[in-house]
**Q** 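A single structure is presented below for examination.
Proteins get letters first, then strands, A, B, ... in listed order; numbering begins at 1 in each. Both backbone and side-chain heavy atoms feed into the values below; hydrogens, waters and symmetry mates do not.
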2 protein chains.
Amino acid sequence: MRNRLATYNGAAAFAALADPTRRAVLDLLRAGSLSAGQIAHAFPVSRPAISKHLRLLRRARLVEQRRLGRLRLYSLNPDPLKAVDSWLERYRSFWSANLASLKRFVESEYQNEKTAARARRKARARKRI
Amino acid sequence: MRNRLATYNGAAAFAALADPTRRAVLDLLRAGSLSAGQIAHAFPVSRPAISKHLRLLRRARLVEQRRLGRLRLYSLNPDPLKAVDSWLERYRSFWSANLASLKRFVESEYQNEKTAARARRKARARKRI
DNA sequence: ATAATGTGTAACTATACGGTTTCGCATTTA
DNA sequence: TAAATGCGAAACCGTATAGTTACACATTAT
């Protein structure tokens with residue numbers, strides 16, 4: 001097993017999703033496999049540019065390639081998106097839960113911070129002396 | 001209303017999430033507000049580096065800043081993550097649904113592609129003549 | 001066999017990005 | 001008022017990235 005696979009944590013997926021063209025490529029592939037040429041046809045950039053995006057998506061394991069004659073057919077592999085999804089999972093409560101109570105929570109943290117920062121400052125001051 | 005707000009579509013959020021440090025900053029803020037200094041303290045990079053990350057996160061509306069004396073308190077704003085979540089939503093079926101049927105679907109698309117590509121090639125060939 | 005087609009790679013350019021150090025400004029403390 | 005503190009901005013550097021054009025290679029068509 002290669003190290004990149006073993007230590008996979010979704011970082012590559014996050015990086016891959018940063019580019020709007022690559023997100024659009026994935027959106028295209030949601031409907032089914034497409035050849036590299038067909039994908040390139042859907043964008044205003046040159047074919048080699050798409051080729052590079054596809055290489056990045058391949059390395060992030062977000063797409064899979066299969067050769068058919070001289071065509072390279074690309075299909076979606078949603079697995080790495082699971083990592084993105086599970087990262088997002090930890091934030092879902094922030095907008096699905098009661099917003100008022102969240103606000104209260106943040107406010108109280110804000111107050112804690114105020115006194116904590118003061119205490120920390122004093123502690124550092126003592127240390128320095 | 002500024003244009004950036006009006007045309008907001010989550011692109012900035014995706015770009016912001018590409019960096020592991022920024023994701024970690026958001027993870028920190030999940031527990032409550034923190035000052036810029038406290039955030040910087042949690043990372044092995046310089047404070048200005050964190051300052052730049054925070055600016056990017058602010059521009060992506062993923063964090064909010066509030067001044068308290070000479071402290072700048074940062075808190076999480078999960079709203080832009082909704083856009084990320086809803087983008088991901090369209091992919092969720094790909095791993096929650098029956099994988100066998102998905103496979104069949106992809107296979108059939110693959111077959112369609114094979115003949116479609118052939119037809120398209122011929123069409124283009126005719127056009128060129 | 002030769003030509004045409006599909007696609008990836010190479011080489012190059014411009015720009016964005018993450019990092020650093022230095023500086024400046026506002027606020028708080030002494 | 002003067003010193004210390006918190007933090008962002010500026011200037012700079014090295015590298016990554018998105019794009020281009022030119023090329024190479026394999027496969028299909030003639």
**Q** Just the rounded figure in Å: distance from P of dG18(C) to CZ of Arg59(B).
**A** 13 Å

**Q** Is there a continuous path of hydrophobic side-chain contacts, each under 4.5 Å between heavy atoms, that joins Val84(A) to Leu56(A)?
**A** no

**Q** Does His53(B) make a side-chain N or O approach to OP1 or OP2 of dC17(C) shorter than 4.0 Å?
**A** no

**Q** How long is the gap from CG on Leu28(B) to OG1 on Thr21(B), to the nearest 0.5 Å?
**A** 11.0 Å

**Q** Report yes if a side-chain nitrogen or oxygen of Gln65(A) is closer than 4.0 Å to either non-bridging phosphate oxygen (OP1 or OP2) of dG8(C); otherwise report no.
**A** yes

**Q** Tell me: CD1 of Ile39(A) to C1' of dG8(C), nearest whole Å?
**A** 13 Å

**Q** Go nucleotide by nucleotide along DNA chain D from the 5' end; which of Ser46(A) and Tyr74(B) gets its closest nucleotide reached first?
**A** Tyr74(B)

**Q** Please report the distance, rounded to the nearest Å, between CZ in Phe43(A) and P in dG19(D).
**A** 10 Å

**Q** Nearest to the side chain of Pro48(B) - dA10(D), dC7(D), dG19(C)?
**A** dA10(D)

**Q** With distance as the sole criterion, do the side chain of Lys52(A) and the base of dG19(D) form a donor-acceptor contact below 3.5 Å?
**A** yes

**Q** Any donor-acceptor pair under 3.5 Å between the side chain of Arg70(A) and the base of dT7(C)?
**A** no

**Q** Does Tyr91(A) form a side chain to side chain contact (heavy atoms under 4.5 Å, CB included) with Asp27(B)? I'd like the steps, not just the answer.
**A** CA-CA 9 Å; Tyr91(A) 291 86; Asp27(B) 284 336; 2.6 Å; yes

**Q** Let me spell it out: for each of Arg47(B) and Leu56(B), pick the nucleotide of DNA chain C with the closest heavy atom. Which residue's pick is nearer the 5' end?
**A** Leu56(B)

**Q** What is the separation between atom CD on Gln38(A) and atom C1' on dT7(C), rounded to the nearest whole Å?
**A** 13 Å

**Q** Taking only the side-chain heavy atoms of Val45(A) (C-beta and beyond), determine which of dT20(C), dT20(D), dG6(D) contains the nearest atom.
**A** dT20(D)

**Q** Does a side-chain N or O from Ser35(A) land closer than 4.0 Å to OP1 or OP2 of dT7(C), or not?
**A** yes

**Q** Would you mind reading off the distance between Leu68(A) atom CG and dT27(D) atom P, rounded to a whole angstrom?
**A** 12 Å

**Q** Under 4.0 Å from OP1 or OP2 of dG6(C): is there any side-chain N or O of Arg67(A) that close?
**A** no

**Q** Assess the residue pair Leu17(A) and Trp87(B) against the criterion (side chain to side chain contact (heavy atoms under 4.5 Å, CB included)); give the C-alpha distance rounded to whole Å, side-chain angles, the decisive distance to 0.1 Å, and a yes or no.
**A** CA-CA 11 Å; Leu17(A) 295 184; Trp87(B) 183 85; 3.6 Å; yes

**Q** Is there a side-chain polar atom (N or O) of Arg55(B) under 4.0 Å from OP1 or OP2 of dG8(D)?
**A** no

**Q** With a non-hydrogen cut-off below 4.0 angstrom, is Ala36(A) in contact with a base, only sugar-phosphate, or nothing?
**A** sugar-phosphate

**Q** Find out whether Arg61(A) and Asp79(A) are in side-chain contact, i.e. whether some heavy atom of one side chain is under 4.5 Å from a heavy atom of the other.
**A** no

**Q** Rounded to the Å, how far apart are Ile50(B) CD1 and dT21(C) C1'?
**A** 16 Å

**Q** Among the candidates dG6(C), dT20(C), dG8(D), find the nucleotide nearest to the side-chain atoms of Leu71(A).
**A** dG6(C)

**Q** If you find the nucleotide of DNA chain C closest to Arg72(A) and the one closest to Thr21(B), which residue's nucleotide is nearer the 5' end?
**A** Arg72(A)

**Q** If we only count heavy atoms from C-beta on, is the Arg92(B) to Asp85(B) side-chain gap below 4.5 Å?
**A** yes

**Q** I need the CG-P distance between Leu57(A) and dA18(D), as an integer number of Å.
**A** 10 Å

